[in-house]
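Everything numeric here is computed off the predicted structure, so don't read it as measured data. In what follows, every heavy atom counts, from backbone to side chain, and hydrogens, waters and symmetry copies are set aside. Each chain gets a letter, A, B and so on, in the order its sequence line appears, and its residues count up from 1.
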Amino acid sequence: MVLLRRDDIDIGQICDSGQCFRMENMGGGRFSMVAGDHYLEIEQNKKGLLFRCEEETFESIWKDYFDLDTDYQSIRKKIDSGDSYLARAAEFGKGIRILRQDLWEMVITFIISQQNHIKRIRRIIGLLCEKYGERRRCPESSQGDRRFYDTFPGPERLAAAGLEELRECNLGYRARYVKETAEQILKGDVILEEIAGLEYPAAKQELLRCCGVGSKVADCICLFGLHMLQAFPVDTHIRQILALHYPEGFPFDRYQGYEGVFQQYLFYFDLFGEKGGAARDIS
DNA sequence: GATCAGGTAAAGT
DNA sequence: ACTTTACCTGAT
């Protein structure tokens, strides 16, 4: 068990932020999550966060996973005081952190995310893991109702899956993308370990070679799977926010190196902040 | 019942 | 090189 007393992280916000889809809000400030093949439960209240795991595991896995060594407050300090919209967005979502998630998992996750909303992405990934992942018993320290969890299946497993069989996970037309990308990676046509060592532009270019990965998805993978904070995924929400609140253009120069962090603030604020968001404002 | 959801591949100019 | 279109599925 690890108790963390700090207010610069909010699990609820991270859970809803659209960067991870295997974190579950169990209510009462309790969360469960699966990352790669690890299961974790967290409790959050005014006092702080309780990680239900060994201190050793926290140090070796979760500390890094939750990016606890990055000072997000100092990143927010870069905000132009004249930009009240960004200031409000960042204040509203200040508990968000960019998780350091598994690269392979992010590739498949964000291929699935296209033309999809969070609720359905969650369900599809759940089905995919249930069907192709390994079932494991939750750690003894777990308090939730869950006894078992499913790991995220590797490339060999998804490449071997039949298309029709994959479709049973409600993947729709994305089934082909998932299978082909898994094959590309299995064959060594795309080498994730190599991509991990590249700079952002080169990494993105390589990711674009994966079937079903376009510019937006590649940026999501860079941001969430490679922790390249300069990646700025532009989806329909962000596009509308930029058009509405930054008609003269978003000041990317000012936030160089941290564009992705601000993308998250904008996105989260649009979804959950102030009356409705840009998408609904335009009509 | 269209339309659209955190787009992309493939076909068509 | 750009611009359009089809695409699974489920929610509104």
Side-chain angles (χ1 to χ4, degrees), chain A residues 13-23 89 92-93 96 98-99 101 105-132 158 161-185 189-190 204-226 228-246 250 259-273 276-283:
Chain A
Q13 291 187 349
I14 291 171
C15 185
D16 290 338
S17 68
Q19 58 174 309
C20 57
F21 303 93
R22 304 201 70 198
M23 191 181 275
F92 184 76
I96 296 174
I98 310 294
L99 303 178
Q101 302 184 77
E105 189 171 333
M106 292 303 99
V107 170
I108 297 304
T109 292
F110 284 96
I111 283 176
I112 291 170
S113 80
Q114 65 182 240
Q115 279 296 108
N116 245 160
H117 45 266
I118 292 176
K119 194 177 169 189
R120 189 152 90 96
I121 298 167
R122 278 210 154 86
R123 198 156 54 81
I124 293 175
I125 293 173
L127 289 169
L128 198 69
C129 293
E130 192 179 334
K131 190 160 188 163
Y132 299 104
L158 295 184
L163 257 187
E164 288 311 310
E165 191 187 50
L166 271 171
R167 275 176 183 276
E168 288 167 17
C169 298
N170 293 319
L171 280 160
Y173 66 89
R174 303 165 197 82
R176 198 188 110 235
Y177 299 164
V178 168
K179 183 171 170 61
E180 287 196 20
T181 291
E183 285 171 352
Q184 283 177 289
I185 288 167
D189 181 20
V190 173
K204 177 173 178 179
Q205 199 179 352
E206 274 301 294
L207 287 167
L208 285 171
R209 297 180 45 236
C210 295
C211 184
V213 174
S215 180
K216 188 269 177 184
V217 169
D219 275 329
C220 285
I221 299 169
C222 286
L223 182 55
F224 304 126
L226 291 167
M228 293 174 168
L229 301 184
Q230 68 268 52
F232 188 90
V234 178
D235 51 47
T236 54
H237 283 262
I238 295 292
R239 204 181 303 283
Q240 290 180 62
I241 292 167
L242 295 188
L244 187 64
H245 296 282
Y246 299 92
F250 185 77
E259 295 91 326
V261 175
F262 293 103
Q263 189 269 10
Q264 278 287 280
Y265 292 144
L266 291 173
F267 182 76
Y268 183 77
F269 190 54
D270 190 58
L271 252 59
F272 303 103
R280 278 129 296 187
D281 271 9
I282 289 176
S283 61

Plane angle bin for A:Y177 and A:Y173 - parallel if under 30°, tilted between 30 and 60°, otherwise perpendicular: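 Ring orientation, 0 to 90° scale: perpendicular.
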Within the 4.0 Å heavy-atom criterion, would you say [X] contacts the bases, only the backbone, or no part of the nucleic acid?
{"X": "A:G172", "answer": "base"}
{"X": "A:G18", "answer": "base"}
{"X": "A:T109", "answer": "nothing"}
{"X": "A:C169", "answer": "nothing"}
{"X": "A:V217", "answer": "sugar-phosphate"}

Taking atom [atom2] of [N] as reference, at what distance in whole Å does atom [atom1] of [X] sit?
{"X": "A:I118", "N": "B:dC4", "atom1": "CD1", "atom2": "C1'", "answer": "16 Å"}
{"X": "A:R239", "N": "B:dC4", "atom1": "CZ", "atom2": "P", "answer": "15 Å"}
{"X": "A:H237", "N": "B:dG6", "atom1": "NE2", "atom2": "C1'", "answer": "6 Å"}
{"X": "A:F267", "N": "B:dA5", "atom1": "CZ", "atom2": "P", "answer": "12 Å"}
{"X": "A:K179", "N": "C:dC8", "atom1": "NZ", "atom2": "C1'", "answer": "18 Å"}
{"X": "A:K119", "N": "C:dA11", "atom1": "NZ", "atom2": "P", "answer": "6 Å"}
{"X": "A:I121", "N": "C:dA11", "atom1": "CD1", "atom2": "P", "answer": "14 Å"}
{"X": "A:I241", "N": "B:dG6", "atom1": "CD1", "atom2": "C1'", "answer": "11 Å"}

[N] and [M]: how far apart are their [atom1] atoms, nearest whole angstrom?
{"N": "C:dA11", "M": "B:dT8", "atom1": "C1'", "value": "22 Å"}
{"N": "C:dC8", "M": "B:dG1", "atom1": "P", "value": "23 Å"}
{"N": "C:dG10", "M": "B:dA9", "atom1": "C1'", "value": "23 Å"}
{"N": "C:dA6", "M": "B:dG6", "atom1": "P", "value": "22 Å"}

With nearest nucleotides of DNA chain B determined for A:T236 and A:R176 from heavy-atom distances, which residue corresponds to the more 5′ nucleotide?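 Here A:T236 is the residue nearer the 5' end.
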By nearest nucleotide on DNA chain B, pick out whichever of A:C220 and A:Y177 is the more 5' one.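 Result of the comparison: A:C220.
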Which one, [options], comes nearest to the side chain of [X]?
{"X": "A:Q114", "options": "B:dT8, C:dC8, B:dG6", "result": "B:dT8"}
{"X": "A:Y173", "options": "C:dC8, C:dT9, B:dG6", "result": "C:dC8"}
{"X": "A:R120", "options": "B:dG7, B:dA9, C:dG10", "result": "C:dG10"}
{"X": "A:D235", "options": "B:dG6, B:dA10, C:dC8", "result": "B:dG6"}

Is the shortest side-chain N/O distance from [X] to OP1 or OP2 of [N] below 4.0 Å?
{"X": "A:N170", "N": "C:dG10", "result": "yes"}
{"X": "A:R174", "N": "C:dC7", "result": "no"}
{"X": "A:H117", "N": "B:dG6", "result": "no"}

Could you pull out the closest heavy-atom pair between A:Q264 and A:I96, with the gap in Å? OE1-CG2, 4.0 Å
Restricting to side-chain contact (heavy atoms from CB on, under 4.5 Å), what partner residues turn up for A:E130, sequence neighbours left out? A:L127, A:R135, A:D150
Looking at the rings of A:F262 and A:F267, which for Trp means the six-membered one, are their centres under 6.0 Å apart?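 Between A:F262 and A:F267, the centre distance exceeds or equals 6.0 Å.
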Assess the pair A:Y265 and A:F92: is the distance between their ring centroids shorter than 6.0 Å?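 Not close enough - the centres of the two rings lie 6.0 Å or further apart.
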Going by modelled atom types, is there a donor-acceptor pair between the base of B:dG7 and the side chain of A:K216 at under 3.5 Å?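 No.
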Nearest 0.5 Å, please: how far is CG in A:L242 from NE2 in A:H245?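 Reported to 0.5 Å precision, the distance equals 9.5 Å.
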Answer yes or no: are there more than 12 heavy-atom neighbours, outside A:E165 itself, under 6.0 Å from its atom CD? yes
Mind checking who C:dC8 pairs with, Watson-Crick or G-U wobble, both distances under 3.5 Å? none
